[in-house]
2 protein chains.
Amino acid sequence: MQLNNTVQYAIRVLSYMSAGEEETLYNVKALSEELEISYKFLTKIMTVLSKADLIVSIRGRVGGFKLAKKPSQIALIDIISVFDPNIKEDICLLGLGECDSAHKCALHDQWIKPKADIQKMLEETTLDGIDKNNLKF
Amino acid sequence: MQLNNTVQYAIRVLSYMSAGEEETLYNVKALSEELEISYKFLTKIMTVLSKADLIVSIRGRVGGFKLAKKPSQIALIDIISVFDPNIKEDICLLGLGECDSAHKCALHDQWIKPKADIQKMLEETTLDGIDKNNLKF
DNA sequence: AATTAATACCACCTTAAGATAGTATTAAAT
DNA sequence: ATTTAATACTATCTTAAGGTGGTATTAATT
Ligand code: SF4
Ligand code: SF4
């Protein structure tokens with residue numbers, strides 16, 4: 001019932017980056033200290049986010065990362081999908097992926113409503129719509 | 001965003017047991033074959049469920065397990081709590097446990113509604129209210 | 001050209017969940 | 001009493017997520 005650690009970090013970093021001015025460059029060292037996330041682990045995550053075109057990497061001495069789009073154009077579902085491409089199936093409590101009215105798991109009838117709500121929320125919530133306080137836990 | 005394997009198995013077994021006559025005894029061998037769950041792993045789970053008083057264990061030659069209460073008196077939240085005592089905090093996407101209006105995570109405002117729905121569902125859904133078909137995936 | 005500060009890559013370590021194996025205990029049936 | 005079929009216990013194996021370490025590459029500064 002929780003997003004995994006990697007995705008949580010990704011959301012926190014992108015939230016942090018979307019709080020500043022557009023086009024601001026952030027380096028991982030500073031981000032890792034500010035958000036209290038392991039530097040090495042964070043570089044790994046940033047590289048993945050970069051390849052997924054959510055952020056842009058600039059190498060070299062005054063390099064860093066910046067958002068690739070406006071915060072309003074990055075939804076939670078986009079971030080999660082990078083690390084968990086099967087997010088839609090994974091929102092299911094019993095994790096049976098393929099299901100129709102004839103083949104449904106024990107909890108389908110009770111779960112389908114909250115599931116739809118969550119999916120909608122993840123699709124509609126973008127980086128500029130979320131609370132930027134308390135980004136380090 | 002998914003219940004862990006152990007909890008999923010527990011729900012499936014208890015669902016299966018609640019489909020039959022009251023007081024029916026089930027042995028783990030048969031259950032494991034019927035539901036296609038590893039026998040050894042299932043005995044472990046059953047022992048835990050027994051200690052949590054959701055089922056009653058009867059040792060010896062004609063032993064087995066039976067439900068300790070009526071299906072209508074066992075809610076999903078009761079099953080989940082056995083293996084995940086912090087379920088209430090674990091329903092949070094970013095997994096920050098202790099939070100109030102002043103200290104809330106980035107997703108609190110968006111999440112609080114679905115969270116409440118899920119919690120309500122887990123509390124109100126009992127074993128006799130769920131679909132007993134397709135218990136083996 | 002050399003230095004420096006950044007990202008990128010590759011291989012490994014650590015931990016916890018998931019699963020298995022072997023043995024002990026219990027109690028009905030014979 | 002012995003056998004047998006069940007649960008109970010303890011220790012270990014496996015796998016994937018989480019996390020580290022070391023080095024290569026890039027490009028501005030000097
Ligand atoms: S049957 Fe319904 S609740 Fe179950 S896994 Fe499929 S979509 Fe999800
Ligand atoms: S702040 Fe809200 S959403 Fe975040 S962990 Fe706490 S209760 Fe859950």
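Here is the naming used below: chain letters follow the sequence lines, and residue numbers restart at 1 for every chain.
Applying a 4.0 Å cut-off to non-hydrogen atoms, none of the residues of residues 50-58 of chain B approaches DNA chain C. Of the residues in residues 21-29 of chain A, those lying under 4.0 Å from DNA chain C by heavy-atom distance are A/Y26, A/N27, A/V28.
Partners of A/F83 according to the ring pair (Phe, Tyr, Trp, His ring centres under 6.0 Å) rule, which considers only residues two or more places apart in sequence or in another chain, do not exist here. Residues forming a side chain to side chain contact (heavy atoms under 4.5 Å, CB included) with B/P114 (at least two apart in sequence, or on another chain): A/I118, B/W111. The side chain to side chain contact (heavy atoms under 4.5 Å, CB included) test applied to A/S81 returns A/I77, A/I87, not counting sequence neighbours. The side-chain hydrogen bond (donor to acceptor under 3.5 Å, both in side chains) search around A/N4 returns none, not counting sequence neighbours. In this structure A/Y39 satisfies the ring pair (Phe, Tyr, Trp, His ring centres under 6.0 Å) test with no other residue, sequence neighbours excluded. Partners of B/T126 by side-chain hydrogen bond (donor to acceptor under 3.5 Å, both in side chains), not counting sequence neighbours, listed by chain and number: B/D128.
Going from atom CG of A/L42 over to atom C1' of C/dA6 covers 14 Å, rounded to whole Å. For the pair B/K66 NZ and D/dA6 P, the interatomic distance rounds to 17 Å; values are reported in whole Å. One can place CG of A/D84 at 14 Å from C1' of D/dA16, the figure rounded to the nearest angstrom. Between the CZ atom of B/F83 and the C1' atom of C/dG18 there is a distance of 13 Å, given to the nearest Å. Counting to the nearest Å, the C1' atom of D/dA6 and the CD atom of B/E33 are 14 Å from each other.
Counting only residues at least two apart or in different chains, salt bridge (charged side-chain N to carboxylate O under 4.0 Å, His left out) contacts with residues 114-126 of chain A comprise A/K113-A/D117, A/K120-A/E124. Within the structure, every pair that satisfies the side chain to side chain donor-acceptor pair (under 3.5 Å) test and touches residues 53-77 of chain A, not counting sequence neighbours, is listed here: A/E23-A/K66.
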Checklist entry - What string of B, S and - do you get for nucleotides 17-23 of chain D, 5' to 3', if B is base contact, S is sugar-phosphate-only contact and - is no contact with any protein heavy atom under 4.0 Å? => result -SBBBBB
Hey, what are the protein-to-nucleotides 25-28 of chain C N/O distances that come in under 3.5 Å?
{"from": "C/dT25", "atom 1": "O2", "to": "B/R59", "atom 2": "NH2", "distance (Å)": "2.8"}
{"from": "C/dT26", "atom 1": "O2", "to": "B/G60", "atom 2": "N", "distance (Å)": "3.3"}

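At least one side-chain nitrogen or oxygen of B/T47 sits closer than 4.0 Å to the OP1 or OP2 atom of D/dA8.
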